[in-house]
Amino acid sequence: MRTLGEQPAVRDMDAVRRVCAAAGSVGAAGSAGAVGLPATDVPWSEDLQGRTVVVKCGGSTLEDPALRRSFAQDVVELWQAGLHPVVVHGGGPQISSMLDRLALEVRFEAGMRVTTPEAMDVVRMVLTGQVQRDLVGAINAHGPFAVGMSGEDAHTLTAVRRPAWVDGRPVDIGLVGDIVDVAPDTVRNLLAGGRIPVVSPVARGADGQIYNVNADLAASALAVALGADRLVMLTDVPGLYADWPRSTEVIPRLTAEALETLLPGLAGGMLPKMEGCLRAVRSGVGRVHVLDGRTPHAVLRGVLTEENPGTTVLPDEVPGITRGAAPAVAPHEEEAPA
Ligand SMILES: Nc1ncnc2c1ncn2[C@@H]1O[C@H](COP(=O)(O)OP(=O)(O)O)[C@@H](O)[C@H]1O
Ligand SMILES: CC(=O)N[C@@H](CCC(=O)OP(=O)(O)O)C(=O)O
């Protein structure tokens with residue numbers, strides 16, 4: 001068993017086997033995720049040893065206590081298998097419900113919350129004081145692993161005010177920021193100390209303001225700055241629908257160039273999410289998995305099996321993938337969007 005203070009790259013074969021079994025037990029069809037497969041036969045388990053994986057979990061997943069527990073367990077399993085998980089959490093539904101209770105307006109433009117100064121107080125309170133605390137508690141039910149922090153801490157995330165782009169025009173959405181600088185040392189130090197950082201998507205501005213940052217974009221910027229191997233985006237749908245809301249076909253795999261073509265046609269929360277995916281693979285992250293957070297143990301299946309559920313976004317230059325190719329695997333039918 002890996003213990004706190006050990007070098008994170010230390011390989012723990014028992015932990016790797018447990019991860020294989022857990023991934024297999026939730027229905028992994030890929031060869032690597034099969035139950036009982038000796039870890040020595042699992043090439044990816046070695047490839048990912050010591051690698052950084054940024055996992056973004058949306059507020060919709062974290063609202064459900066059972067899914068929150070399953071997510072927390074997956075993150076600890078990744079850690080025990082020798083990976084370096086970094087968690088960035090959302091909290092959109094939780095913020096909206098608190099705004100409702102306070103009779104403050106809930107409004108989004110192009111997937112971004114219109115954030116007045118009063119709403120910003122609520123965003124900060126709910127993200128760092130409620131959602132982050134609950135998640136840290138769920139992870140620490142397994143041991144003293146998680147340390148919560150805000151993007152404001154130690155200048156980790158610095159943002160500038162950004163508008164939303166609606167029909168090609170900028171629309172002022174208040175105290176919403178786009179990240180322009182990441183200082184990853186605090187996160188790196190926590191990883192080096194054997195901890196699991198849990199980061200809230202709140203950023204400071206060089207102008208002295210505090211900004212509300214979309215959690216997908218925060219995760220993407222952090223993944224790039226950390227030189228992460230993988231970025232995982234957990235959401236409340238099975239993946240990127242090819243023609244939402246008309247169709248329920250999920251695109252299993254696409255390149256950055258193909259995604260860039262699709263991006264202007266996307267709407268709602270999927271727009272910043274896929275913008276974050278594109279930025280990540282264009283800036284050195286090896287691949288991004290967009291996964292259904294409603295599926296128990298989605299993270300283990302996505303990262304540690306070759307099953308590739310959901311949508312995988314790859315850089316343009318990947319051996320075996322044609323540059324700008326249409327989805328490399330035929331889309332598959334999923335249940336209708338809610
Ligand atoms: N092309 C698309 N494919 C899938 N979902 C889409 C698409 N376009 C818009 N959406 C919407 O985006 C939502 C996911 O984004 P969001 O609500 O921000 O999730 P999360 O809180 O998990 O980050 C889906 O529930 C769906 O309603
Ligand atoms: C600017 C902006 O929209 N910020 C988001 C931050 C939380 C978030 O992104 O949460 P999910 O991942 O659960 O959607 C918000 O206020 O809802």
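If you read the sequence from its start, that first residue is 1, and numbering goes on from there. All ligand and atom numbering here is 1-based and tracks the order in the structure.
The closest non-hydrogen atom to atom 10 (O) of ligand 2, taken over Gly91, Cys57, Ser60, comes from Gly91. Taking only non-hydrogen atoms, the option from His89, Arg113, Glu63 nearest to atom 16 (O) of ligand 2 is Arg113. Residue nearest to atom 18 (O) of ligand 1, selected from Pro272, Pro93, Gly269: Gly269 (by heavy-atom distance). Nearest to atom 2 (C) of ligand 1 by heavy-atom distance, out of Met270, Lys56, Met233, is Met270.
Ile251 is not listed as a side-chain neighbour of Tyr241, based on a closest heavy-atom distance of 4.5 Å or more. Under the 4.5 Å side-chain criterion, counting only non-hydrogen atoms from C-beta, Val55 is not in contact with Val86. Side-chain contact check for Arg279 versus Leu217: some heavy-atom pair is nearer than 4.5 Å. At least one side-chain heavy atom of Leu175 sits less than 4.5 Å from a side-chain heavy atom of Gln209. A heavy-atom distance below 4.5 Å is found between the side chains of Leu291 and Pro309. Using a 4.5 Å heavy-atom cutoff, the side chains of Thr156 and Met149 are in contact. Side-chain contact between Arg204 and Leu157 is absent, with no heavy-atom pair separated by less than 4.5 Å. Here the side chains of Val75 and Val87 are in contact, with some heavy-atom distance below 4.5 Å.
Residue Met274 places no heavy atom under 4.0 Å from ligand 1. Heavy atoms of Val213 come nearer than 4.0 angstrom to ligand 2 in at least one pair. Within the 4.0 Å heavy-atom shell around ligand 1 one finds Ala267. Ligand 1 lies less than 4.0 angstrom from a heavy atom belonging to Gly239. A heavy-atom separation below 4.0 Å is not found between Gly269 and ligand 2. Residue contacts with ligand 1 do not include Gly268, since none of its heavy atoms lies under 4.0 Å from the ligand.
Residue contacts with ligand 1 for Glu249 are absent, since no atom lies close enough (heavy atoms, distance under 4.0 Å). The proximity of Asp236 to ligand 1, defined as any non-hydrogen pair under 4.0 Å, involves the side chain as well as the backbone. Looking at Pro245 against ligand 1, nothing comes within 4.0 Å, counting heavy atoms. Contacts between Lys273 and ligand 1 below 4.0 angstrom, taking non-hydrogen atoms only, involve the side chain exclusively.
Per-residue contacts place Gly58 under 4.0 angstrom from the following atoms of ligand 2 (heavy atoms of the residue considered): 12 (O), 13 (O). The atoms of ligand 2 that sit less than 4.0 Å from any heavy atom of Gly90 are 8 (C), 10 (O), 11 (P), 12 (O), 13 (O). Using a 4.0 Å cut-off to heavy atoms of Leu266, the atoms of ligand 1 that qualify are 1 (N). Near Ser60, meaning under 4.0 Å from any of its heavy atoms, are these atoms of ligand 1: 21 (O), 22 (O). Listed by atom number, the atoms of ligand 1 under 4.0 Å from Thr235 heavy atoms are 14 (C), 19 (O), 20 (P), 22 (O). Against a heavy-atom cut-off of under 4.0 Å, Val237 is close to the following atoms of ligand 1: 4 (C), 5 (N), 24 (C), 25 (O). For ligand 2, the atoms sitting less than 4.0 Å from at least one non-hydrogen atom of Met112 are 1 (C), 3 (O), numbered in the order shown with element in parentheses. Residue Leu234 approaches ligand 1 through these ligand atoms, each under 4.0 Å from one of its heavy atoms: 22 (O). Taking every heavy atom of Val176 and a limit of under 4.0 angstrom, the matching atoms of ligand 2 come to 1 (C).
Of all protein heavy atoms, the one closest to atom 5 (C) of ligand 2 is Asn212 OD1, 3.7 Å. From the protein, the heavy atom lying nearest to atom 12 (O) of ligand 2 is Lys56 NZ, 2.5 Å. Among protein heavy atoms, the minimum distance from atom 13 (O) of ligand 2 is reached at Gly59 N, 2.7 Å.
Salt bridge absent: Arg287 and Asp229 never bring a charged side-chain N and a carboxylate O closer than 4.0 Å. Under a 4.0 Å N-O distance rule, the pair Glu275/Arg162 qualifies as a salt bridge. Taking the charged nitrogens against the carboxylate oxygens, Arg282 and Glu260 do have a contact shorter than 4.0 Å, which makes a salt bridge. No salt bridge links Arg169 with Asp167; every basic N to acidic carboxylate O contact stays at or beyond 4.0 Å.
At a cut-off of 3.5 Å, with distance as the only test, no side-chain donor of Arg124 or Ser200 sits close to an acceptor on the other residue. Defined by atom type and a distance below 3.5 Å, a donor-acceptor pair is missing between the side-chain atoms of His84 and Arg51.
Taking CG of Asp134 as the start and CG of Leu62 as the end, the distance is 8.5 Å to the nearest 0.5 Å.
For ligand 2, the polar-atom distance check finds no N/O of Val123 at less than 3.5 Å from any of the ligand's N/O atoms. Of the polar atoms of Pro201, none of the N or O atoms is found under 3.5 Å from an N or O of ligand 2, judged by distance alone. Considering backbone and side-chain N/O atoms, Ala215 comes within less than 3.5 Å of an N/O atom of ligand 2. Among the atoms of Trp244, none of the N or O lies under 3.5 angstrom from an N or O of ligand 1.
Residue Thr311 forms a side chain to side chain contact (heavy atoms under 4.5 Å, CB included) with just one option from Leu259, Thr235, Leu254, and that option is Leu254.
Judged by distance alone, with hydrogens and angles left aside, the side-chain atoms of Asp74 form a donor-acceptor pair with the main-chain N or O of Leu300 at under 3.5 Å.
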